[in-house]
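This report refers to the structure that appears directly beneath it.
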There are 2 protein chains.
Amino acid sequence: MPSTKPRPLAPLYEQIRQLIVAALAAGEWRPGDALPSEAALAERFGASPGTVRRALDELTAEHLVERRQGSGTFVSTHAAPRQQFRFLRLVADDAAGSFTRELLGCRRMRATAEVARALGLRTAEPVIEVRRLLHRRDRPVVLDELWLPERHFEGLTADVIRNHPGALYALFEARFGVHMVRAEEKLRALAAAPEAARLLQVPEGEPLLSVERLAYTYGDRPVELRRGLYHTSADHYRNELN
Amino acid sequence: MPSTKPRPLAPLYEQIRQLIVAALAAGEWRPGDALPSEAALAERFGASPGTVRRALDELTAEHLVERRQGSGTFVSTHAAPRQQFRFLRLVADDAAGSFTRELLGCRRMRATAEVARALGLRTAEPVIEVRRLLHRRDRPVVLDELWLPERHFEGLTADVIRNHPGALYALFEARFGVHMVRAEEKLRALAAAPEAARLLQVPEGEPLLSVERLAYTYGDRPVELRRGLYHTSADHYRNELN
DNA sequence: CAGTGGTCTAGACCACCAT
DNA sequence: TGGTGGTCTAGACCACTGC
């Protein structure tokens with residue numbers, strides 16, 4: 001008789017972590033909401049409080065939830081001030097000033113082969129393209145283009161963006177229930193093409209930092225492709241290695 | 001009588017973590033060595049095994065130690081294959097091939113104001129400057145310049161570097177007892193100056209990715225300033241945001 | 001097989017927050 | 001003051017490593 005495969009189960013805390021992520025993806029708790037207490041979750045999952053705590057610690061490290069002593073455990077939200085620029089690593093050399101946004105355009109289009117491949121769509125599936133500029137002290141610093149699968153962002157228009165006071169990711173989460181969890185970026189140096197040069201008010205050929213980002217929501221599903229051009233004469237991209 | 005300040009003590013696991021870091025900085029265990037077992041450390045610090053485990057978990061997350069089930073807890077070393085390129089985020093677009101090193105120079109000099117400030121030295125204190133090229137498939141891709149305080153790297157010469165087969169950080173750790181723990185990088189796009197263009201075999205003015213790195217050893221002491229110029233026509237700098 | 005880290009449990013006590 | 005998360009302890013059992 002062939003021995004049945006022992007099927008190495010994931011540890012209990014990991015299973016619980018995945019169940020909580022699934023509940024977040026299903027919208028059982030929305031960004032900003034409080035999760036049940038450790039004791040309540042322990043009961044729900046039939047585990048000891050220590051095991052649930054371990055799962056919540058992992059989720060805290062991934063920034064999916066945040067814990068406040070005496071208060072509770074809450075679903076992370078990009079609306080929180082500390083999360084405002086969590087994914088924007090560009091900082092001024094003198095660490096002064098913040099960004100203002102200028103919307104250049106928002107239109108419906110069909111996915112190019114490249115966009116489709118990155119987002120896991122079929123070619124020519126409808127996507128929404130957004131273009132904008134970020135300024136610091138009235139100087140343009142970042143030219144952003146981004147593409148979103150229309151099926152997750154139905155109804156996203158220029159007006160919707162203009163009427164929202166906060167960051168784009170806060171809008172996505174509040175209006176479309178899409179919370180960005182993590183992202184991968186590819187950086188390189190490029191010479192400014194004519195249009196980028198005009199918008200960023202630099203000479204053609206000026207070296208620019210190109211930042212291509214793929215952003216993921218709950219369950220590691222890619223939902224945004226973004227291409228940024230950063231003018232880095234008085235700003236730099238800050239990174240920590242460990 | 002004025003109330004004495006309650007002096008909020010750090011949690012026990014954090015104190016233990018700091019004591020272990022101090023022992024690492026003092027060289028009590030060298031990179032690659034095994035630490036005492038959890039039980040032995042618990043006895044040494046007068047804490048329960050669970051508390052010691054928590055301290056070790058934090059150190060594992062910082063890559064100061066690595067744990068191997070059934071075997072023990074070991075001091076991280078840059079000699080390990082997995083650590084070889086831990087701080088080099090440049091990867092080929094087609095993810096193929098590795099780097100070869102070419103040493104351009106190694107000389108003793110006096111710290112410029114900028115180098116002194118970054119490394120926390122007095123101006124004109126002696127430092128060692130190293131310059132090198134990294135090639136992939138016989139094409140130059142990275143031009144690196146780095147500066148090290150001489151008092152931590154006495155005896156570092158071109159021959160010492162040439163005679164060491166592994167990565168620079170592995171050499172630093174094996175020969176000078178300086179293990180790099182973490183680093184901060186500032187990235188920007190620059191036009192290639194004449195000398196950089198010649199060495200990287202690109203036209204003058206070619207956009208290059210400039211990467212300025214400050215690397216820290218145990219106890220967050222900066223011990224290396226590095227300036228890299230990356231030619232990113234077929235490579236990119238990869239980053240993860242979370 | 002002895003020793004190590006990995007998982008899971010159970011419970012005590014504390015610090016903090018809201019009411 | 002009651003409920004929350006944060007710390008610390010104690011111990012059982014398992015999985016893996018190396019002799």
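In what follows, chains are A, B, ... by sequence order, proteins preceding strands, each numbered from 1.
For residues 58-82 of chain B, every residue pair satisfying the ring-ring contact (aromatic ring centres under 6.0 Å, His included) rule, not counting sequence neighbours, is listed here: B:H78-B:F87, B:H78-B:Y169, B:H78-B:H179. Note on residues 80-92 of chain A: pairs passing side chain to side chain donor-acceptor pair (under 3.5 Å), not counting sequence neighbours, are A:Q83-A:R86, A:R89-A:N239.
Contacts of B:A234 classified as side-chain contact (heavy atoms from CB on, under 4.5 Å), with partners at least two apart in sequence or in another chain: none. Evaluation of the salt bridge (Lys or Arg N to Asp or Glu O under 4.0 Å) rule for B:E62 yields B:R17 as partners, not counting sequence neighbours. With sequence neighbours excluded, the residues that form a salt bridge (Lys or Arg N to Asp or Glu O under 4.0 Å) with B:E66 are B:R68. Residues satisfying the salt bridge (Lys or Arg N to Asp or Glu O under 4.0 Å) criterion with A:R182, sequence neighbours excluded, are A:E184, A:D220, B:E240. Partners of A:E38 by salt bridge (Lys or Arg N to Asp or Glu O under 4.0 Å), not counting sequence neighbours, listed by chain and number: A:R53, A:R67. Listed by chain and number, the residues in a side-chain contact (heavy atoms from CB on, under 4.5 Å) with B:D93 are A:R188, B:H236 (sequence neighbours excluded).
For the pair B:E66 CD and C:dT4 P, the computed distance is 18 Å after rounding to whole Å.
Enclosure of atom CD in B:E43 is not indicated, since only 12 or fewer non-hydrogen atoms of other residues, nucleotides or ligands lie within 6.0 angstrom.
Using a cut-off of 4.0 Å between Lys/Arg side-chain N and Asp/Glu carboxylate O, B:R227 and B:D144 are scored as not salt-bridged. Between A:D94 and A:R137, at least one side-chain nitrogen of the basic residue sits less than 4.0 Å from a carboxylate oxygen of the acidic one, meeting the salt-bridge criterion.
Nucleotides of DNA chain D lying under 4.0 Å from heavy atoms of chain A occupy a range whose first and last members, 5' to 3', are D:dG3 to D:dT7.
Contacts between residues 27-47 of chain A and DNA chain D, defined by a heavy-atom separation under 4.0 Å, are made by A:S37, A:E38.
For the side chain to side chain contact (heavy atoms under 4.5 Å, CB included) test with B:L64, the passing option among B:L56, B:V75, B:V181, B:I20 is B:V181; the others fail.
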Response to the item:
Expected string for nucleotides 14-19 of chain C under the B/S/- scheme (protein heavy atoms, under 4.0 Å, primed atoms plus P, OP1, OP2 as sugar-phosphate) is -BBB--
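Taking the C1' atoms of five terminal pairs at each end of the helix from C:dC1-D:dG18 to C:dA18-D:dT1, the two resulting helix axes are inclined by 10°, rounded to 10°.
Side chain to side chain, A:Q18 and A:Y13 fail the donor-acceptor criterion of an N or O pair below 3.5 Å.
Within the 4.0 angstrom heavy-atom criterion, base atoms lie near B:R53.
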